[in-house]
S.K.: 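The following block contains the structure, expressed as structure tokens.
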Amino acid sequence: MTIDFEAPKPLVNMQTMLQTVAENMMRPTSREMDENEHAIPWDYIEFMHTAMRSMGGAGGLAPVEDKPKEGAEKRPPIGYQKLAVQIEMLAWGDVGYYLITPGGGLGAAAVQAAGTPEQKAKFLARFNDDKPTFAAMCMTEPGAGSDTSAIRARAVLDEKTNEWIINGEKIFVTAGDKSFTEYEKLGKGFIVVWASIDPSAGRAGMRAFVVEAGTPGVKITKLEHKLGIRASDTAAISLVDARVPFENVLGSPTVEKSTTGFKGAMATFDATRPLVAASGLGVARAALEFLKEKLKENGVEIRYGLPRQKLTNIEREVIDMEIMLKSSWLMVLKAVWMADNKKSNALESSMSKVKAGDVTTKVTQKAVEILGPLGYSREFLLEKWFRDAKITDIYEGTGQINRLVVARQILGYTGAELR
Amino acid sequence: MYSFEPNEEQQMLIDAVGKFAENDLRPAAHDAEESRELPKKLVSKGWELGFLQASTPEAYGGFGERSAVTGVLALEEMAYGDLAGALAVLTPSLFATPVLLGGSEEQKQQYLPKIVGGDWAPYTGALMEMSFDFDPNALKTTAKAEGDKYILNGEKIFVPFAKDAEALIVYANLDGITQGFIVEKGSAGLSVSDEREKVMGLNALPMYRVKLENVSASRLGGASGHDFELILSAMRVASAAAAVGVARSSFEFAKNYAKERDAFGVKIAQKQAIAFFLAEMATEMEAIRLLTWEAAWKLDNNKEDAHTAAYLAQTGAADMAMMVTDRGVQIYGGHGYIRENPVELLMRNGRGFASLLGLVIL
């Protein structure tokens with residue numbers, strides 16, 4: 001090993017291919033999807049499913065390794081790096097679209113992080129079947145956002161039938177509708193519901209349950225209307241005496257004096273935070289490229305290499321944006337590289353999300369500001385990217401929660417020591 | 001294939017330099033700044049770590065190949081100990097590295113074995129000039145060809161160890177482009193100020209003003225010259241790496257202080273206002289560190305955008321160093337303003353990265 005910034009070939013090839021998808025399938029209908037919230041672009045969903053299957057990688061946020069050619073030298077794993085590059089590129093096309101790319105999403109990521117080998121086999125295989133299939137994560141509740149320990153959903157074991165009975169209200173479920181509603185064009189999806197099996201045990205009692213699409217007692221109660229990412233469905237889901245089989249609990253079904261259940265959720269986030277960061281940076285790159293293109297059309301060149309005192313304000317802003325964007329992307333790469341190499345990346349993962357949240361927000365804000373009316377007009381996509389960008393600093397842990405996670409790590413503090 | 005792991009050799013160097021920084025540079029930093037004097041032993045001990053020697057090929061008396069990546073790793077560690085000390089140890093590079101990067105075969109043979117084979121000796125470089133919009137690509141010092149020699153005129157500032165320098169590289173404007181010129185000790189028309197430069201920080205580093213009045217010099221690379229951008233980018237990534245080191249030093253002090261200092265019944269690090277400061281300091285540092293690594297890697301691998309990358313790393317590092325070292329002082333509160341505590345010096349040194357260039361090269 002030595003420090004190396006050469007992109008592996010499979011990553012470069014995938015990037016080129018996805019750029020074509022972004023340019024031809026996403027950008028031309030970006031505006032339409034933004035203005036017709038809750039419309040479902042079946043063309044895109046079916047195309048992506050076919051394309052990703054042929055690449056052997058349908059399944060969303062779970063890393064997939066290429067099978068090594070016979071006799072070829074064994075290469076270090078790059079599954080998470082591939083995901084980061086893929087997500088950044090799709091989000092560059094349209095982050096709302098990216099969020100409805102078929103696959104397991106956060107739901108499968110939870111199974112990947114906390115499931116047994118049997119559960120992984122049972123729940124993850126479906127994403128490679130004939131029809132596009134979705135899965136989602138249900139964690140947030142009306143009264144529990146970043147403070148996941150405040151989750152009130154309950155799961156009780158019915159010993160007679162050996163089933164869990166789940167009750168609760170979940171909100172802000174990304175792709176919740178496509179994961180749970182049984183559309184004819186989709187395969188059977190699932191949602192992963194976080195609930196407590198022992199409220200007196202606090203976080204130690206928290207478990208995740210796989211709830212199959214169409215389970216009786218579970219209802220989509222609302223599809224949210226949002227500031228941005230409007231192509232993506234964000235659902236509210238209620239569970240009333242929903243019954244799921246005993247073996248659908250991820251992790252141990254009994255409460256020990258530990259917080260493994262909660263840690264399962266957090267492990268999911270270590271894996272997915274840099275990927276969410278990557279999705280934000282795709283939007284930021286789109287905005288910055290658009291800005292530079294418009295400036296160029298108007299005869300404004302960025303003169304790299306000059307001292308700051310000789311630069312115009314616009315040049316300074318653009319240069320700062322590039323520094324932010326490039327350095328933030330490197331933090332994502334490092335975090336996923338660590339994940340690929342089985343290095344603990346809780347700190348790097350959260351840092352990459354803190355930085356990307358800031359960068360995505362700032363870059364899109366600045367781009368709109370610098371371009372004046374061109375930035376504000378719906379004639380161009382920039383104003384949409386600005387709205388799309390904001391979610392990066394909110395979902396998968398707000399910038400503030402991630403700062404808290406970073407601070408605890410660098411200070412060596414527990415949650416009790418730094419609240 | 002992406003990788004963020006230094007190789008074994010680099011790790012050994014990082015460890016050795018880190019030890020020197022921690023055990024030697026750091027403890028001497030405060031007194032050196034106040035007395036404006038670095039202990040001589042310190043500089044020779046740093047020199048013996050063999051950083052420049054290991055970056056010079058065997059053919060010129062060294063025992064390795066130059067790598068900007070290895071350089072930024074080592075320099076961050078050294079600057080983490082003390083910036084003035086690190087710059088002093090590395091001053092001979094201000095002469096040797098440009099010769100290595102742009103010198104003719106003859107120039108390399110003439111100077112490099114002498115420099116890397118001996119004890120630390122004051123070879124140096126003179127880039128900066130006293131103008132608010134100082135631009136290394138638009139120098140006011142001029143060079144004019146005269147036979148196979150060049151005639152230099154102008155004034156250079158902040159030249160480390162110029163007083164005793166055996167030879168120095170002077171950068172000058174030759175028909176609109178920047179070129180380096182080798183100026184020998186005692187050349188006619190070369191005068192070095194008696195007084196040392198006085199600047200906001202870096203007081204332990206002896207820097208002088210250098211005047212050139214019709215000084216005859218030889219051009220780096222001979223008649224065909226050299227690619228100045230290679231030298232400039234090597235200075236830029238060095239500046240960025242040093243900035244990360246200084247910032248990390250302030251961050252570590254502030255973090256440890258915040259874990260000790262009580263207020264309202266808890267450690268101040270347990271307050272989110274302070275904890276978030278620290279989280280952001282760590283995040284920004286890591287961002288610029290990676291940007292610097294990448295720029296160095298691009299230089300080592302002759303990537304098309306290597307020079308832009310070096311420029312962006314330097315620019316970002318200057319802002320980051322200011323932000324982090326400012327917060328270092330802020331976290332110490334009133335105590336941060338007192339010179340007994342280390343963070344105020346780090347803030348003064350941190351401010352320098354936006355104004356200084358050419359005081360270190362990798």
Side-chain angles (χ1 to χ4, degrees), chain A residues 1-9 11 75-76 78 81 302 304-310 316 319-320 322-324 326-331 333-338 340-341 343 347-348 350-355 358-359 399-400 402-413 417-419, chain B residues 1-10 69-70 73 132-138 229 232 251 255 258-259 266-267 269-272 274-284 286-291 293-294 296-298 301 303 307-309 311-313 315-320 354 357:
Chain A
M1 281 283 182
T2 186
I3 291 169
D4 191 353
F5 289 92
E6 193 77 62
K9 213 150 183 207
L11 257 59
R75 275 195 332 219
I78 56 166
Q81 294 167 59
I302 309 301
Y304 298 95
L306 282 186
R308 263 168 131 59
Q309 292 86 336
K310 286 186 174 177
R316 286 188 189 192
I319 284 168
D320 285 346
E322 279 189 43
I323 291 167
M324 285 190 245
K326 283 177 197 284
S327 60
S328 186
W329 173 243
L330 292 174
M331 295 181 83
L333 270 188
K334 184 177 175 186
V336 290
W337 169 82
M338 291 178 83
D340 279 331
N341 288 281
K343 295 173 191 288
L347 173 63
E348 286 75 8
S350 285
M351 282 207 296
S352 77
K353 176 68 168 53
V354 166
K355 179 76 176 164
D358 279 356
V359 167
Q400 289 62 43
N402 275 301
R403 276 167 174 75
L404 207 52
V405 175
V406 170
R408 282 178 191 149
Q409 299 259 348
I410 58 181
L411 288 161
Y413 280 161
E417 287 168 310
L418 178 59
R419 304 182 71 84
Chain B
M1 188 66 65
Y2 292 125
S3 167
F4 294 84
E5 207 163 41
N7 65 31
E8 220 172 291
E9 224 169 285
Q10 288 167 333
V69 170
T70 306
L73 295 172
F132 85 94
D133 59 350
F134 166 74
D135 180 351
N137 283 307
E229 211 163 22
L232 180 58
F251 165 76
K255 182 182 84 178
K259 289 182 79 171
V266 293
K267 303 297 177 193
Q270 292 176 274
K271 297 280 184 197
Q272 288 188 357
I274 303 297
F276 280 21
F277 256 19
L278 289 165
E280 286 162 8
M281 290 155 82
T283 302
E284 292 306 309
E286 174 76 350
I288 296 298
R289 175 184 293 121
L290 296 177
L291 200 63
W293 287 11
E294 189 193 38
W297 177 86
K298 284 182 171 176
N301 291 280
K303 294 289 171 186
H307 297 303
T308 307
Y311 171 73
L312 294 179
T315 306
D319 282 349
M320 180 279 294
L357 188 62

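Every chain is numbered from 1, with letters handed out A, B, ... down the list of sequences. The analysis underlying the following values was restricted to heavy atoms, covering all of them including side chains, and did not include hydrogens, waters or symmetry mates.
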S.K.: Quick check for you: to the nearest 0.5 Å, what is the distance between L333(A) atom CG and L290(B) atom CG?
M.R.: 9.0 Å
S.K.: So for E229(B), is it side chain, backbone, both, or neither that comes closer than 4.5 Å to the heavy atoms of chain A?
M.R.: neither
S.K.: Ignoring hydrogens and geometry, is there a side-chain-to-backbone donor-acceptor pair from Y304(A) to L312(B) under 3.5 Å?
M.R.: no
S.K.: Answer with side chain, backbone, both or neither: which region of K267(B) has an atom nearer than 4.5 Å to a non-hydrogen atom of chain A?
M.R.: side chain
S.K.: Considering only heavy atoms, which portion of D320(A) lies under 4.5 Å from any heavy atom of chain B: side chain, backbone, both, or neither?
M.R.: side chain
S.K.: Using non-hydrogen atoms and a 4.5 Å limit, figure out which bit of E284(B) sits close to chain A: side chain, backbone, both or neither.
M.R.: side chain
S.K.: Need one label for R308(A): side chain, backbone, both or neither, based on atoms under 4.5 Å from any heavy atom in chain B.
M.R.: side chain
S.K.: So which of Q409(A), R403(A), E348(A) has the largest heavy-atom pair count under 4.5 angstrom toward chain B?
M.R.: R403(A)
S.K.: So which of N402(A), L11(A), I319(A) has the biggest tally of heavy-atom pairs under 4.5 Å with chain B?
M.R.: I319(A)
S.K.: Side chain, backbone, both or neither: which part of Q10(B) has a non-hydrogen atom closer than 4.5 Å to chain A?
M.R.: side chain
S.K.: Among E8(B), K303(B), E9(B), single out the residue with the greatest number of heavy-atom pairs under 4.5 Å to chain A.
M.R.: K303(B)
S.K.: What part of D319(B) is in contact with chain A, defined as an atom under 4.5 angstrom from a non-hydrogen atom: side chain, backbone, both or neither?
M.R.: side chain
S.K.: Counting C-beta onward and ignoring hydrogens, is there a side-chain heavy-atom pair between Q272(B) and R419(A) closer than 4.5 Å?
M.R.: no
S.K.: Who wins among R408(A), K355(A), M351(A), E6(A) for the most heavy-atom pairs under 4.5 Å with chain B?
M.R.: E6(A)
S.K.: Counting heavy-atom pairs under 4.5 Å with chain B, which one of M324(A), Q81(A), K9(A), E322(A) comes out on top?
M.R.: Q81(A)
S.K.: Verify salt bridge (Lys or Arg N to Asp or Glu O under 4.0 Å) between K334(A) and E286(B), making sure each step is shown before the conclusion.
M.R.: CA-CA 10 Å; K334(A) 184 177 175 186; E286(B) 174 76 350; 2.7 Å; yes
S.K.: Give, as side chain, backbone, both or neither, the part of L73(B) having an atom under 4.5 angstrom from any heavy atom of chain A.
M.R.: side chain
S.K.: Which one, K326(A), K343(A), Q309(A), M338(A), leads in non-hydrogen pairs under 4.5 Å with chain B?
M.R.: Q309(A)
S.K.: Hey, what do you get for CD1 (I288(B)) to CE (M331(A)), rounding to the nearest 0.5 Å?
M.R.: 10.0 Å
S.K.: Would you please name every residue forming a side-chain hydrogen bond (donor to acceptor under 3.5 Å, both in side chains) with K310(A), sequence neighbours left out?
M.R.: D135(B)
S.K.: Just wondering, do V69(B) and T2(A) contact through their side chains at under 4.5 Å, heavy atoms?
M.R.: no
S.K.: What residue in V406(A), L418(A), L330(A), I3(A) has the most heavy-atom pairs under 4.5 Å with chain B?
M.R.: I3(A)
S.K.: Please check if the distance between the ring centroids of Y2(B) and W337(A) is under 6.0 Å.
M.R.: no
S.K.: Sort T315(B) into side chain, backbone, both or neither according to what part of it lies under 4.5 angstrom from a heavy atom of chain A.
M.R.: both
S.K.: Please look at A138(B) and chain A and tell me whether the side chain, the backbone, both or neither of the residue comes under 4.5 angstrom of a heavy atom of that chain.
M.R.: side chain
S.K.: Hey, could you give me the CD1/OH distance between I323(A) and Y311(B), rounded to the nearest 0.5 Å?
M.R.: 7.5 Å
S.K.: Any donor and acceptor pair, going by atom type alone, linking the side chain of E294(B) with main-chain N or O of F5(A) inside 3.5 Å?
M.R.: no
S.K.: Taking all non-hydrogen atoms of both residues, which atom of A407(A) and which atom of A279(B) are closest, and how far apart?
M.R.: N-CB, 4.0 Å
S.K.: Given 3.5 Å as the limit, does a donor-acceptor pair link the side chain of K259(B) with the main chain of L411(A), or not?
M.R.: yes
S.K.: Can you find a pair of side-chain heavy atoms, one from L404(A) and one from F276(B), that are under 4.5 Å apart?
M.R.: yes
S.K.: Could you tell me which portion of F277(B) (side chain, backbone, both or neither) has an atom closer than 4.5 angstrom to a non-hydrogen atom of chain A?
M.R.: neither
